[in-house]
There are 2 protein chains.
Amino acid sequence: MEEYLDAIFCEDCVEGMRRRLPDACIDVIVTSPPYNIGVRYNTHQDNLPFDEYLDWMEELARECRRVLKEDGSFFFNIGDRPSDELRSLQVAQRVCRHFHLQNTIHWVKSIAAPQEGVNMGHYKPVNSPRYLNNAHEYIFHFTKSGAVAVDKLAIGVPYQDKSNIGRWKSATQDLRDRGNTWYIPYETVTGAKPHPAAFPDRLPEMCIRLHGLGQDDPLVVLDPFMGTGTTAAAARRLGCRYVGFEMDPHYVEIARARLG
Amino acid sequence: MEEYLDAIFCEDCVEGMRRRLPDACIDVIVTSPPYNIGVRYNTHQDNLPFDEYLDWMEELARECRRVLKEDGSFFFNIGDRPSDELRSLQVAQRVCRHFHLQNTIHWVKSIAAPQEGVNMGHYKPVNSPRYLNNAHEYIFHFTKSGAVAVDKLAIGVPYQDKSNIGRWKSATQDLRDRGNTWYIPYETVTGAKPHPAAFPDRLPEMCIRLHGLGQDDPLVVLDPFMGTGTTAAAARRLGCRYVGFEMDPHYVEIARARLG
DNA sequence: TCGGCGCTTGAATCGACGT
DNA sequence: AACGTCGATTCAAGCGCCG
């Protein structure tokens, strides 16, 4: 029983979830599906016709809904290419057939405010006279009811106006809501990247902490597109259990080594 | 002839544009239409059924296309309420019936990176256990062709790695592409705000400069929902001509005073 | 044949990182 | 500091297909 805990399965996630996961067993899902923009994965042909991609994402969403607990959170990371910037929103609309979009988080990789002497983050530039560099991706926070309470202060930031500390009964410490704009820089990895599309370690960590770690049993965290195991590693750092699916045996090997 | 230059008309914008503006006379449009989220304007009932609102925005877009030059830019600011975060994207999709979405700019009002000692901007917090504070709005950059060259360095920021200066023929100064995440803080207004939904002065200014000021004749800048004249004031600061429409005579009065 | 459209392929360019 | 490398890059040329 519960053989799926702390396991990574080398198989298709939708099939695997159907076969292995009972209803309502997962607290948090954090994932970044293939963006379907022609990236060459080893095992996955990443250029389906867009309609088929949408159908696939919807099937994934349906299965995620089934395995998620009633007050669970489903964090879905997706970005756009400059030439088609409404694509990720169409995906979100499609997932909304099965979930409520409770929060839209803007992952900001780079931002500058020269007047304030701020110039942070980095990105790979695009060479184009018409497109601005894209320093943004979405993290959609889907829930079943749209009304799941989250732990905003778990990822809080210090007050700017310190006089607010202690002003309300909830303001017991120097922490305020971070808002929905999250600055998370890319980790700089040069040399051969093991996976073309890994997100930073802090991203799943912040998602899990925002959902709330609870006091009782450890959370169970799922990533249907586990890649090299960033989500699972974050889950374990935070004392959670994890489940992962990944088609590519090479990535599975890396993930297992990282966790083992 | 050209009686519309440097004028603000107190009338409905779609009708006014039809009556007064010839084809292809405008270089840049910067506007923030009523969001239709129940803000109480004096003259405008801001809670149409959503379908009718979409129809209205489409009519606006059609008229904007007509008056815009072939290589003109249409900057469309819109934000979301936390409980319906795909709304602005539906509006964008609708406008896409008449325009190409060339860039999606993310207006970030507040962002924090405690590790780097950055904690900037401000917002009106929402008191909710489920919604993060919304510190984000969209600025959609629509064009007729989708291939209008823009002046990215006109709103550039300093290089982080100064060794890149002079490295390529275009890198003649310490300026690089800012990207599509723009930090623009709200101006803090204490006391009664004259307009419930004015954007910061720097917002239209950056849009106009991104489009490019050109070398020859001054640009003509249009704001169909002029409000208290923020866009017109920015246009004039930059040496451009302006045209504005605004239904509310009180706002028109303020705008004219500001420009007169 | 000519020309438009779609897919493929190679060139070019930028900013950050590493040597 | 200078330079080589690399892209969930874009862009335009080139080719085949079809009307």
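Order of the sequence lines sets the chain letters (A, B, ...), proteins ahead of strands, with each chain counted from 1.
Rounded to an integer number of Å, the gap from B:L153 CG to C:dG15 C1' is 12 Å. Taking atom CH2 of B:W168 as the reference point, atom P of D:dC6 lies 15 Å away to the nearest angstrom. Rounded to a whole Å, the NE2 atom of B:H100 is 17 Å from the C1' atom of D:dT10. Taking atom NZ of residue B:K162 and atom P of nucleotide D:dC3, one finds them 20 Å apart after rounding to whole Å. Between the CG atom of B:D161 and the P atom of C:dC14 there is a distance of 15 Å, given to the nearest Å. Across the protein-nucleic acid pair, A:N127 atom CG and D:dC6 atom P stand 18 Å apart, rounded to whole Å. The distance between atom NZ of A:K109 and atom C1' of D:dT9, rounded to the nearest whole Å, is 12 Å. Look at CH2 on A:W107: it is 11 Å from C1' on D:dA8, rounded to the nearest Å.
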Report summary line: Symbol by symbol from the 5' end, with Watson-Crick or G-U pairs under 3.5 Å, [ ] crossing and | another strand, DNA chain C is .|||||||||||.||||||
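Between A:E63 and A:R66 there is a salt bridge, with a side-chain nitrogen of the basic residue lying less than 4.0 Å from a carboxylate oxygen of the acidic one. Under 4.0 Å is where a charged nitrogen must lie from a carboxylate oxygen, and between A:R258 and A:D201 at least one such pair does. Between A:R209 and A:D151 there is no salt bridge, since none of the side-chain N atoms of the basic residue sits less than 4.0 Å from a carboxylate O of the acidic one.
With C1' as the reference atom, D:dC6 and D:dT10 are 15 Å apart, rounded to whole Å. Across C:dC14 and D:dA12, the matching P atoms stand 15 Å from one another, rounded to whole Å.
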Query - Test side chain to side chain contact (heavy atoms under 4.5 Å, CB included) applied to A:V243 and A:F9, step by step - result: CA-CA 8 Å; A:V243 193; A:F9 301 104; 4.1 Å; yes
Query raised in the report: Should A:N103 and B:E85 be marked as a side chain to side chain donor-acceptor pair (under 3.5 Å) after you check the CA-CA gap, both sets of side-chain angles, and the distance that decides it?
Result: CA-CA 7 Å; A:N103 284 286; B:E85 303 223 80; over 6 Å; no
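Regarding contacts with the backbone of D:dC11, a side-chain N or O of A:S128 is found under 4.0 angstrom from either OP1 or OP2. An OP1 or OP2 oxygen of C:dC14 is reached within less than 4.0 angstrom by a side-chain nitrogen or oxygen of B:S170. A close approach under 4.0 Å does occur between a side-chain nitrogen or oxygen of B:Y159 and OP1 or OP2 of C:dG15. OP1 or OP2 of C:dA16 sits under 4.0 Å from a side-chain N or O of B:N164.
Candidate nucleotides C:dA16, D:dT10, D:dC11 were compared by shortest atom distance to the side chain of A:P82, and D:dT10 ranks first. Residue A:Y131 places its side chain closer to D:dC11 than to any other of C:dG15, D:dC11, D:dC3. Across C:dC17, D:dT10, C:dG15, the shortest atom-to-atom separation from the side chain of A:P125 is found for C:dG15.
Side-chain contact of B:T104 with B:H141: a donor-acceptor pair under 3.5 Å is absent, judged by distance alone.
A donor N or O paired with an acceptor N or O is found under 3.5 Å between the base of D:dG4 and the side-chain atoms of B:R167. On a pure distance criterion of 3.5 Å, a polar donor-acceptor pair joins the side chain of A:S32 and the base of D:dA8.
Scanning both residues, B:S73 and B:H211, for their nearest heavy atoms gives OG-ND1, 2.7 Å.
A cation-pi arrangement is absent between A:R236 and A:Y242 under the rule of less than 6.0 angstrom and at most 45 degrees off the ring axis.
If you find the closest nucleotide of DNA chain D to A:E137 and to A:P129, the one lying nearer the 5' end belongs to A:E137.
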